[in-house]
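Heavy atoms only: backbone and side chains are in, while hydrogens, waters and symmetry mates are out.
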2 protein chains.
Amino acid sequence: MTTEHARLVGHQTETWDAQLVPTDRGRVRQPTPDCPVEVALSAISGRWTTLVLRELMHGPCSFSELRDLLPALSAKVLADRLHGLVERGLVVCERTAGFPVRTRYQLTARGQALRPLLKTLYEVGSALAEGPEAIDSPCGGE
Amino acid sequence: MTTEHARLVGHQTETWDAQLVPTDRGRVRQPTPDCPVEVALSAISGRWTTLVLRELMHGPCSFSELRDLLPALSAKVLADRLHGLVERGLVVCERTAGFPVRTRYQLTARGQALRPLLKTLYEVGSALAEGPEAIDSPCGGE
DNA sequence: CGGAATCCTATCGGATACTG
DNA sequence: CAGTATCCGATAGGATTCCG
């Protein structure tokens, strides 16, 4: 009875895993935008986003530097990603006045907060990749 | 010069952040399927997936139980998600022989490996949600 | 240099209806 | 109960071309 789920949904008494859902914000039955998990997911959403973030974690970059670091990423998609990141306050962009224009994309403090997430993605992904001993599960079956 | 990036890409000497990219598998310039980060991302990819995983983390569920727990999730999408998870060896499905048919979706050991990821998503998402003190960044600008 | 504009295809996810 | 089948609108994201 240790991991029993008393999830009699139609009727009160719902227990939540304190590790997965520590606060009320996570007690959702739909992918609502204000659920912390959704917030984090949308921060890294979109193809190439984690790679762009990885480069920026390393230090500020100009548009072209990012293009050089990720040659297969098209200008349009890079601009899309960058705009999304700026929109969410994860990155700031500074531009020089002169010509040719120079840009400087840089993580904000909030953007830096994504570091542990990238780290965990890597760790968990590594664990999944190396261990194809799938099939059986020691879950808490009754 | 502590966090300088000696990323002279066109020419050798690339340094990698040992925390973000500890192994060769992550030294990629594109979203390749075998990069650990991509492996983890594809494990949780798709709308509703993290919610389905959350329920399964709590214990095995039948198809209908999942539908009750996530009422706004359509049968089609739930089936899609479940199939994807089974395909990747994160979940197993058992069915009773009799009638009516009963199912039992359960996380595998690999599926359980996603727990720390869900936890981190929640934590990082919470940090982002509560701290809109965006703008300035104490990054390692030169 | 640093993009924006346009176009085009693939896939996603939701609604609805039906089946073993 | 546990799905499948079909349809369909909305994006995502890549290629290409042009602009300040």
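- Residues forming a side chain to side chain contact (heavy atoms under 4.5 Å, CB included) with B/Ser74 (at least two apart in sequence, or on another chain): B/Lys76, B/Val77.
- For D/dC1, the OP1/OP2 oxygens have no side-chain nitrogen or oxygen of B/Thr103 closer than 4.0 Å.
- The backbone N or O of B/Gly26 lies less than 3.5 Å from a partner atom in the side chain of A/Tyr122, making a donor-acceptor pair.
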Distances for protein N/O vs nucleotides 14-20 of chain D N/O pairs under 3.5 angstrom?
residue: D/dG14; atom: OP1; partner: A/Arg47; partner atom: NE; Å: 2.6
residue: D/dG14; atom: OP1; partner: A/Arg47; partner atom: NH2; Å: 3.3
residue: D/dG14; atom: OP2; partner: A/Trp48; partner atom: NE1; Å: 3.1
residue: D/dG14; atom: N7; partner: A/Lys76; partner atom: NZ; Å: 3.3
residue: D/dG14; atom: O6; partner: A/Lys76; partner atom: NZ; Å: 2.6

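- Among the atoms of the strands shown, only primed sugar atoms or phosphate atoms (P, OP1, OP2) are found under 4.0 Å from some heavy atom of A/Arg102.
- Judged as a salt bridge (Lys or Arg N to Asp or Glu O under 4.0 Å), the pairs with a partner in residues 112-123 of chain B (not counting sequence neighbours) are, in order, A/Asp17-B/Arg115, B/Lys119-B/Glu123.
- In terms of modelled atom types and a separation under 3.5 Å, the side chain of A/Arg29 and the main chain of B/Leu69 share a donor-acceptor contact.
- Applying the 4.0 Å criterion to OP1 and OP2 of C/dG3, one finds that A/His83 has every side-chain N and O outside that range.
- The residue A/Arg95 sits close only to the backbone: its heavy atoms come under 4.0 Å of sugar-phosphate atoms, none of a base.
- A/Arg67 places no side-chain N or O within donor-acceptor distance of the main-chain N or O of A/Leu78, the cut-off being under 3.5 Å.
- For D/dC1, neither phosphate oxygen OP1 nor OP2 lies less than 4.0 angstrom from any side-chain nitrogen or oxygen of B/Tyr105.
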Practice problem: Evaluate the criterion side-chain contact (heavy atoms from CB on, under 4.5 Å) for residue pair A/Arg88 and A/Val39; output intermediate values, then yes/no. | Solution: CA-CA 10 Å; A/Arg88 289 160 213 153; A/Val39 172; over 6 Å; no
